[in-house]
Amino acid sequence: MTWIPWNTQLRELAKQCQYLEALTLYRQMLRCGSSPNAFSFPFALKSSASLPLPLSGQQLHCQVIKSGCSQERFVLTSLISMYCKFSSLRNARKVFDENPISNQLTVCYNALISGYALNSRVFDVIALFCRMREMGVSVNSVTMLGLVPVFSEPGYISVGMCFHCCCVKLGLNLDFSVANCLVTMYVKCGAIEFGRNLFDEMPKKGLITWNAMISGYAQNGLAADVLELYRKMETAGVCPDAVTFVGVLSSCANLGAVSVGHEIELRIESSRLDLNPFLNNALINMYARCGNLVKARAIFDGMPVKSVVSWTAIIGGYGMHGYGEIAVELFDEMIKSGIRPDGAAFVSVLCACSHAGLTEKGLEYFSEMKMKHRLQPGPEHYSCVVDLLGRAGRLNEALELIKSMQVKPDGAVWGALLGACKIHRNVEMAELAFERVIEFEPTNIGYYVLLSNIYSEAENLEGVLKVRVMMRERKLKKDPGFSYVEYKGRVHLFLAGDRSHPQKKEIYRMVDELEALVKKLAGCKDNEERRNKEALLGMGVHSEKLAIVFGLLNSEPGTEIVVIKNLRMYVLKIIKKKCNTKIDLILKLRNLLEACGVPVQLGGCKCNNMCSNAVWIPENETGSRERADDQPAID
């Protein structure tokens with residue numbers, strides 16, 4: 001057998017990613033007495049790099065030198081790429097520098113640039129590109145495709161823009177793949193406007209282009225833009241794939257756009273993608289976040305193979321809606337099934353324990369994470385445990401835990417302690433937590449408002465003024481709280497005290513009627529002085545009240561109304577609202593709404609009195625009033 005058939009077989013095996021079989025065939029070729037040539041080595045080197053087998057790669061390199069093929073451009077490029085995939089950049093650079101021919105070959109530069117980019121060697125990438133230009137070696141689209149992705153971090157956006165200019169100068173921006181790569185770079189850097197401008201300027205947009213922009217919007221939390229772009233994609237006649245659906249479903253989860261999510265589910269089934277585990281995980285997350293735990297559980301139970309991501313999604317879904325006991329049962333079942341929990345799974349179960357008041361169970365899991373599963377807790381896990389202890393009133397233990405952390409506590413850890421101080425009105429510890437948290441997040445307005453509310457509840461007007469002065473000195477202004485609700489596939493956004501909606505008259509009329517009736521049922525007096533004070537403070541009407549009433553006005557009896565407030569979910573068929581001491585008053589409201597033809601089934605919060613806000617609670621007999629998150633004590 002001659003070397004030509006051997007090379008043909010090697011090429012086919014490498015092309016089909018059967019790398020082990022390719023190396024086995026290569027050894028068989030040597031045993032048969034056939035000598036490899038410049039066409040044999042690239043496939044063998046690629047196979048060794050892909051497995052990866054560094055020792056085999058080095059042996060192949062020796063054979064390349066022995067056969068005299070080291071000056072062949074394809075062999076040289078394959079050697080550089082192989083060492084880069086082994087993360088042996090020193091050897092890759094040595095191969096490049098020791099062969100004079102490589103300094104004149106674009107493919108060799110491209111191979112080394114891609115290797116540096118693969119290993120995040122940003123400055124080496126830039127230096128090699130500059131040398132390439134100095135040597136007069138031509139730059140092509142492959143050069144840019146290897147180079148641009150390394151700048152896909154916010155800190156390198158200015159450098160990335162320079163290379164974008166270079167692409168324009170060389171005419172490479174007209175290359176479809178390069179344009180897609182640039183769009184991806186901008187959206188990953190958070191420069192969404194630049195990415196969208198480039199997207200809009202592209203004369204031709206393929207599926208990859210649409211997916212890059214949709215994924216960019218989704219990753220930057222611009223869920224409404226995702227849905228808008230998805231509709232445009234459909235109008236353009238571009239057929240979506242699994243990547244598209246994942247991005248759209250994550251946005252549906254953030255917006256509570258259940259009908260759009262259900263539409264996507266039907267598209268997935270019609271496209272025969274319903275067995276795709278990534279899509280099933282996205283569907284579980286979407287339905288769970290939107291409050292439809294029955295549907296989420298049905299999809300989860302129907303999955304033939306469940307990964308740790310699947311378990312984490314369903315556990316997190318039950319946990320966020322207060323069903324801590326079920327979340328704990330699922331977590332234990334996951335471990336019994338042989339699935340090893342990761343850090344994200346522990347975050348989900350710890351949050352579930354925190355929201356449900358399962359303090360001891362949560363502490364047990366935290367201990368098992370370190371001792372049994374050998375996982376090092378990160379700041380996100382400590383913040384969950386601090387929240388767990390804080391909600392239970394064990395503030396001193398929470399503080400001691402922070403002091404004993406093996407990793408440096410971040411803003412989320414101290415923020416969890418600050419939130420616990422508000423629940424239990426511990427002003428002294430709140431001041432300590434606030435001092436620490438603003439070291440990490442000095443412009444996070446939420447912490448200032450939280451401390452102000454703690455002072456307000458303690459009737460410490462001096463403290464309130466102190467926080468107000470700090471905010472003004474640092475030019476911080478609280479963004480108004482917002483809520484949104486989906487209606488006929490469109491998301492309607494409401495701000496606190498919003499009067500911009502076309503149905504504002506009907507909405508405010510119904511708000512006033514409901515508040516008056518609830519106050520009458522509760523035996524409360526209407527306090528005009530309090531209402532005027534709220535207006536002066538800019539507190540207005542709760543945004544979630546406006547969203548709920550809009551849903552009531554426009555929905556048919558039996559319709560599930562999903563309201564999201566500042567990325568937290570409330571479902572008005574089974575209202576997931578923070579529990580309170582006047583649940584009987586809310587039940588009267590339910591009867592009132594049902595009498596109007598709007599069925600409302602309040603399941604109540606499952607957090608064992610671990611939280612304390614309500615939408616429709618009026619002023620109580622003492623004149624005090626709990627604030628929603630979009631109604632701070634300061635303007």
Would you please name every residue forming a side-chain hydrogen bond (donor to acceptor under 3.5 Å, both in side chains) with Asp124, sequence neighbours left out?
Arg121
Could you give all pairs that pass the side-chain hydrogen bond (donor to acceptor under 3.5 Å, both in side chains) test and reach residues 49-58, with sequence neighbours left out?
none
In terms of side-chain heavy atoms, does Ser102 have a donor or acceptor partner in Asn99 at a distance below 3.5 Å?
no
In short, side-chain hydrogen bond (donor to acceptor under 3.5 Å, both in side chains) pairs touching residues 371-384 with sequence neighbours left out are Gln376-Gln406
Residues forming a side-chain hydrogen bond (donor to acceptor under 3.5 Å, both in side chains) with Ser271, sequence neighbours excluded
none
Can you tell me if Asn220 uses its side chain to pair, donor with acceptor, with the backbone of Leu222 under 3.5 Å?
no
Applying side chain to side chain contact (heavy atoms under 4.5 Å, CB included) to Thr77 and not counting sequence neighbours gives Ser81, Val107, Cys108, Ala111
By the salt bridge (Lys or Arg N to Asp or Glu O under 4.0 Å) test, which pairs, at least two apart or in different chains, include something from residues 70-93?
Arg93-Asp97
Under the 3.5 angstrom rule, does the side chain of Asn91 hit a backbone N or O of Lys94 as a donor-acceptor pair?
no
Name all pairs fulfilling the side-chain hydrogen bond (donor to acceptor under 3.5 Å, both in side chains) condition that reach into residues 157-183, sequence neighbours left out, sorted by first residue then second.
His164-Tyr186, Asn180-Thr209
Ion pair Arg231/Glu234, N-O distance below 4.0 Å:
yes
Contacts satisfying ring pair (Phe, Tyr, Trp, His ring centres under 6.0 Å) that involve residues 220-244 (not counting sequence neighbours) are none
Qualifying ring pair (Phe, Tyr, Trp, His ring centres under 6.0 Å) pairs, either residue in residues 87-112, two or more places apart
Phe96-Tyr109
Can you confirm whether or not the ring centre of Phe331 sits under 6.0 Å from the ring centre of Trp311?
no
Going by side-chain hydrogen bond (donor to acceptor under 3.5 Å, both in side chains), name the residues that satisfy it together with Asp225, two or more places apart in sequence or in a different chain.
none
Whether Phe163 and Phe151 hold their rings parallel, tilted or perpendicular, with breakpoints at 30° and 60°
parallel
Only pairs at least two apart or in different chains count here, so list each ring pair (Phe, Tyr, Trp, His ring centres under 6.0 Å) that has a residue in residues 46-81.
His61-Tyr83
Partners meeting side-chain hydrogen bond (donor to acceptor under 3.5 Å, both in side chains) with Ser67 (sequence neighbours left out)
none
Given side chain to side chain contact (heavy atoms under 4.5 Å, CB included), test Leu255 with Val260 step by step and report yes or no.
CA-CA 10 Å; Leu255 288 174; Val260 179; over 6 Å; no
Only one of Val178, Leu198, Ile208 clears side chain to side chain contact (heavy atoms under 4.5 Å, CB included) with Val183; which?
Leu198
Side-chain donor/acceptor of Asp410 to backbone N/O of Val413, under 3.5 Å:
yes
Would Glu263 and Arg267 pass as an ion pair if we require N to O under 4.0 Å?
no
Answer yes or no for Lys306 and Phe300: cation-pi contact, defined as NZ/CZ to six-membered ring centre under 6.0 Å and angle to ring axis within 45°.
yes
Checking side chain to side chain contact (heavy atoms under 4.5 Å, CB included) against Ser40, which of Leu45, Leu30, Leu10 comes through?
Leu10
